[in-house]
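Let me begin by presenting the structure, written as structure tokens, before commenting on it.
Note on naming: letters A, B, ... go to the chains in the order of the sequence lines (proteins, then strands), and numbering restarts at 1 for each one. Below, each value reflects all heavy atoms present in this structure, side chains not excepted, and no hydrogens, waters or symmetry copies. Worth saying up front: this structure is predicted, and the values here are computed from it rather than measured.
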There are 2 protein chains.
Amino acid sequence: MSLGSELFAEMSSLVVEAPHQPVDVRAGAAPSILKKAFDVLGSFSPDRRVLSFAEVARASGLPKSTTHRVLAMLVEMGAVEQHTDGYRIGLRMFAVGACSAEVALRDIALPAMEELHRIARQTLHLAVLRGPDVVYIEKLRTHQAVPTPAVVGASLPAHWTAVGKALLAEERAESAASTEVLRSRAGRKMADPAAFAQELTLSRARGYAVDREESVAGLACIAVPIVAGGSAVAALSVAFPAAAGKGEVLLNPLRATAARIGRSLPPALRGSLLRERHAR
Amino acid sequence: MSLGSELFAEMSSLVVEAPHQPVDVRAGAAPSILKKAFDVLGSFSPDRRVLSFAEVARASGLPKSTTHRVLAMLVEMGAVEQHTDGYRIGLRMFAVGACSAEVALRDIALPAMEELHRIARQTLHLAVLRGPDVVYIEKLRTHQAVPTPAVVGASLPAHWTAVGKALLAEERAESAASTEVLRSRAGRKMADPAAFAQELTLSRARGYAVDREESVAGLACIAVPIVAGGSAVAALSVAFPAAAGKGEVLLNPLRATAARIGRSLPPALRGSLLRERHAR
DNA sequence: CGCTCGGTTCCAGTGGCCGGAACGGTGGGG
DNA sequence: CCCCACCGTTCCGGCCACTGGAACCGAGCG
């Protein structure tokens, strides 16, 4: 456990976005109060759920008085709650986030995931691709299983994870835009683009991706894409102790579950594709 | 199924907050752009996940050009995504919402809920109290079970639901502020405050609350509070067909599960109490 | 063709945002 | 004890980003 969380701490220090530089230097970005508000909201993370005023000011990079004003506004909106021990993300943000397409996906996937969870008795992950990262939508933990670094709502570099590889493999098959993604972080392992590209090709061919102790020692994952309407919208993975073998037994149930989820996705929801118009 | 959704439509039309009057008339409310942004975000709901531009403008009550500008900003922030079919809540809002204390609670409760779900084979609800309403944090559906009006992220009047009654009973035991809550909606059933107060007292005494077809015909629920550090922070309920009896068999497993969840809540999280400072 | 409705762009005026600065309170360490 | 570092709050003049009515374009439609 300490090993897992230790590794996770190391990872998250790299995962977390660049330390909130003042604003965008280019003229394009509007330094509106809305941007500041999201800087404040972005100060919170699943492993730092409660922050003091000063912590928010530091993390958001905003002047104290501005931070104070923005926080007061957010509290008034119900987006943030002020307790005696500090500020927290408010229930209102949960309610807003619950309207996202990803929650709809989670809702549909959950029964099937539960069933798989009963069978596999291992930790399950449901994640979507977001640029170079995967964002975890759901996680079904299993008692006394290998701890995994995934946290619901948080993201990890896609090329570190089985779900990420499964999704990258599909994406690359559609548009050969892999170069962008393969530009991996400096000096980090799996920095060999050619080998990684080959692994993606293999993953795509056999229909599943693997991660053997690449993110956490002792942890292995196999992942399959969830396809709906011809393209992958998410990925599902099982985590198990690396010492337990290659997990072939889990592959078929995993595939069946992913297929079942893909089939039960309403066509309207398939518009949750990765293709969102990134403005400018 | 059609019965359930029909009834839900009827309910949600009452549940949804007053149709977004212009702004607050009193001088206290700041009509800042942030307020407008949340008006826009509040236009979405779990059953209206995708809205066209005009729908957002109408629902938020903002002028067209203002709506346009605010939407563009929100898209730039990643809070909203623009697809060909309209606007949706963005993944970023899910990520922000995942930092709320309620998601932490959900995270801890989920394993125990899954286990109960296996045993009971009925739909489970996890909800918190928010003023006069309950907000659903988690819902484990069961195939071919009675459909329930609860939607994760959405709210229902507390006095219509078993979870709500369980929480109101606890709250009333702490502070006799029941009058506020008992002022129920005009002409709606269970408008008899005295009888309702008595029911709450009974619920508190026996440790669980019930709902027999009060919200949906054919649906019954029993709910127990989840207590941590001496006060109720959430409630857990099982839904079952009213024709199946009173659900006594489910009561003990339900109690055990709620107790187990309450026990496993870290003390730090208990600051998720209902007492948030509602400014001004 | 004229109408309605969805969606976008423009623009001048102004009021809301800006953030440095100053102020109280607290703790702790020399 | 004093001093300092830090947290949190408040104030205020200047300026610019927000405001929203209005005009515009295209599509559907009777």
What integer distance in Å separates A:I33:CD1 from C:dG15:P? 17 Å

Which atoms form the tightest heavy-atom contact between A:L265 and A:I226, and what is the distance? CD1-CG2, 4.4 Å

Taken in chain and number order and not counting sequence neighbours, the residues that satisfy salt bridge (charged side-chain N to carboxylate O under 4.0 Å, His left out) with B:R48 are B:E55

Please state how far atom NZ in B:K35 lies from atom P in D:dC18, giving the value in whole angstrom units. 18 Å

All N/O pairs under 3.5 Å across the protein-nucleotides 19-27 of chain C interface:
unit_1, atom_1, unit_2, atom_2, d
C:dG19, OP2, A:T66, OG1, 3.0
C:dG19, N7, A:S65, OG, 2.7
C:dG19, N7, A:R69, NH2, 3.3
C:dG20, O6, A:S65, OG, 3.0

Set of salt bridge (charged side-chain N to carboxylate O under 4.0 Å, His left out) partners for A:R141, sequence neighbours left out: B:D107

Under the rule for ring-ring contact (aromatic ring centres under 6.0 Å, His included), what residues qualify as partners of B:F53, not counting sequence neighbours? B:H68

Nearest-angstrom distance from the residue atom CG of B:L71 to P of D:dT19: 13 Å

According to salt bridge (charged side-chain N to carboxylate O under 4.0 Å, His left out), who are the partners of A:R49, at least two apart in sequence or on a separate chain? none

Using the side-chain contact (heavy atoms from CB on, under 4.5 Å) criterion, which residues pair with A:A166? Sequence neighbours excluded. A:A209, A:A223, A:P225, A:A235

Measure CG/A:L51 against C1'/D:dC7 and give the value in whole Å, please. 15 Å

Please determine whether a side-chain nitrogen or oxygen atom of A:H68 lies at a distance below 4.0 Å from atom OP1 or OP2 of D:dG8. no

Nearest-nucleotide check on DNA chain D, A:F53 vs A:L34; residue mapping nearer the 5' end is A:F53

What's the CZ-P distance between A:R58 and D:dA5, to the nearest Å? 16 Å

